[in-house]
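Working notes for the structure below.
The figures that follow rest on heavy atoms only: side chains count, while hydrogens, waters and symmetry mates do not.
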Protein chains: 2
Amino acid sequence: MENKIKVHIADDHKILIDGIEAVLSVEDDMEIVGHSLNGAEVIQWFKSKTNKADVLIMDINMPEKDGIAVLKAFKKGRKKFPCPIIILSSYDYIKLIREVLKLGASGYLAKKCAGDNIVEAIRRVAAGDQYFSPTINEKIVQSFSGLKNASEKPLEGMLISALTDREKQVLKFICQEYNSKEIAEQLCLSPNTVETHRKNLLKKLQVKSSIGLALFAAQHKII
Amino acid sequence: MENKIKVHIADDHKILIDGIEAVLSVEDDMEIVGHSLNGAEVIQWFKSKTNKADVLIMDINMPEKDGIAVLKAFKKGRKKFPCPIIILSSYDYIKLIREVLKLGASGYLAKKCAGDNIVEAIRRVAAGDQYFSPTINEKIVQSFSGLKNASEKPLEGMLISALTDREKQVLKFICQEYNSKEIAEQLCLSPNTVETHRKNLLKKLQVKSSIGLALFAAQHKII
DNA sequence: AAAAACATCACTGAATTCAGTGATACGTTT
DNA sequence: AAACGTATCACTGAATTCAGTGATGTTTTT
């Protein structure tokens, strides 16, 4: 076949990339033309004029820059997206899904979905449609129809992306057990400022103490 | 080939199972004979006398029962494991690695390792050897040779199992953001006693603050 | 252009944690 | 029997966090 769909995969788990590559290899209308292990690599790859892809499948949790940051970066560049983007995540929080759609994603796959879904998703998205894996689609419909049950508020609905860059930065230091004074030194700030950020984090994430902050960070792998 | 290595895969991400299955399908000396999406399924599957596998590849983070719990269950019930077990995890903490090895695992793969490693791991482990993916092996050697830093000496080797029941109990409450006074009420103890447990936890786990305790607990899934 | 969000800094006072020490009692293990 | 680990409780003082408020300037969004 001549016009194969060119796919780029981004995930920090190489084993998953290899796995998806193996899954796609039996399909004769698509091929993997590149992969990235973190968000920075994704942006770098698409910057290169010689590299092109028709579909980008991207995890949200990645080091360096996460999937949200990549979406924002692409959106900010003012230009059009390099290609349709499918988010592949283990999270299925409705707010997160809404967020990435707002940021321009064309599809959303839960990691617990089957390999078939990914093939289908690539074809549909490459054709200009949107695609959501079954469980995700269910969530969206539920939420739309007001049937939202438990999943509307994961940790009270606060997402990583609801935190500012500075707050995330401070949070990382908190998780390294630095106290406010030490963090202030690291970031060249006043300890008072760090304390303010810390308090804002407590409010946003609705936790009682820095322990809650650390656990949130751990659960969302932003540390 | 007659004697294919029979593999069972356990991971809560179906897409990863499908991926690994695709990777293994091109190897003619192994085959996947089953898979599980959580720890309970693993135990269930191996309970059935009709099901047999030569190697179990298992994630640590799974709902219902996690990988650690499965290892413990196998160790507890029978004397012999149903088969060699390879842990597949995104965590590469040295303490966690040591813990699963203590619990009888035969191999450890980081999820960021390549697909080739998994094939190699299966062959080696099926032959009765141990196998660790490159980055993991590095960590083990580093730790063994003490090159890392002093973190492997003083009261090191501190694992979940090194904590007393009471300490674990207190730790759980700490992770729920209770303060010492509240924990004392819950456990009908003096706040002073709780403080002592807290301080002993800090020493044993060699962390600076309760944040470190919470992160340890999160990483070791004891919360 | 106005409004909202972000980042910065300051002050106070109460609550909590952390470090260091020491003590009693009970059960294993050696 | 002695040593060890565990569980319990107490006291002090310094360090740190947390809550509440307020302020200024910049950037982004609407």
(Q) Any side-chain N or O of A:Thr164 below 4.0 angstrom from OP1/OP2 of C:dA5? (A) no
Q: Could you tell me the separation between the CD1 atom of B:Ile174 and the C1' atom of C:dT16, rounded to a whole number of Å?
A: 13 Å
Q. Within a radius of less than 6.0 Å around NZ of B:Lys181, do more than 12 heavy atoms belonging to other residues, nucleotides or ligands occur?
A. no
Q. Between B:Asn192 and D:dC9, does any side-chain N or O lie under 4.0 Å from OP1 or OP2?
A. no
Q.
Quick check on DNA chain D: between A:Lys199 and A:Lys181, whose nearest nucleotide comes earlier from the 5' end?
A. A:Lys181
Q) Can you find a donor-acceptor pair, distance only, under 3.5 Å between A:Thr196 side chain and C:dC9 base? A) yes
(Q) In this structure, how many angstroms lie between the P atom of C:dT17 and the OH atom of B:Tyr178, rounded? (A) 14 Å
Q | Donor-acceptor under 3.5 Å (A:Glu41 side chain, A:Asn38 main chain) | A | no
Q. For the pair made of NE2 in B:His197 and C1' in D:dA10, what is the distance, rounded to whole Å?
A. 14 Å
**Q.** Residue B:Ser190, side-chain atoms from C-beta onward, closest of D:dA10, D:dC18, C:dC9
**A.** D:dA10
Q: Using a strict cut-off of less than 4.0 Å between a Lys/Arg side-chain nitrogen and an Asp/Glu carboxylate oxygen, indicate whether A:Lys204 and A:Glu167 qualify as a salt bridge.
A: yes
Q) Just how far, in rounded Å, is C1' of C:dA7 from CD of A:Glu167? A) 10 Å
Q: Mark yes or no for whether B:Thr196, through its side chain, and B:Asn192, through its backbone, hold a donor-acceptor pair below 3.5 Å.
A: yes
Q. Rounding to a whole Å, what distance do you find between B:Lys203:NZ and C:dC18:P?
A. 13 Å
Q: Please tell me which of the listed nucleotides, D:dT17, C:dT8, C:dT16, lies nearest to the side chain of A:Leu189?
A: C:dT8
(Q) Counting only side-chain nitrogens and oxygens, does A:Ser209 get under 4.0 Å of the OP1 or OP2 atom of C:dT16? (A) no
Q. Rounded to the Å, how far apart are B:Lys208 NZ and C:dT17 P?
A. 17 Å
(Q) Output the rounded distance in Å from CG (B:Leu187) to P (D:dC9). (A) 11 Å
Q) Would you say the side-chain atoms of B:Gln206 pair up with the backbone N or O of B:Lys203, donor to acceptor, closer than 3.5 Å? A) no
(Q) Quick check on D:dT8: is either OP1 or OP2 less than 4.0 Å from any side-chain nitrogen or oxygen of B:Thr193? (A) no
(Q) What's the closest nucleotide to the side chain of A:Glu195 if the choices are D:dA10, C:dT17, D:dC18? (A) D:dC18
Q.
Would you say B:Arg166 places a side-chain N or O within less than 4.0 Å of OP1 or OP2 belonging to D:dT8?
A. yes
Q) Quick one: A:Leu163 CG to C:dC6 P, roughly how many Å, whole number? A) 10 Å
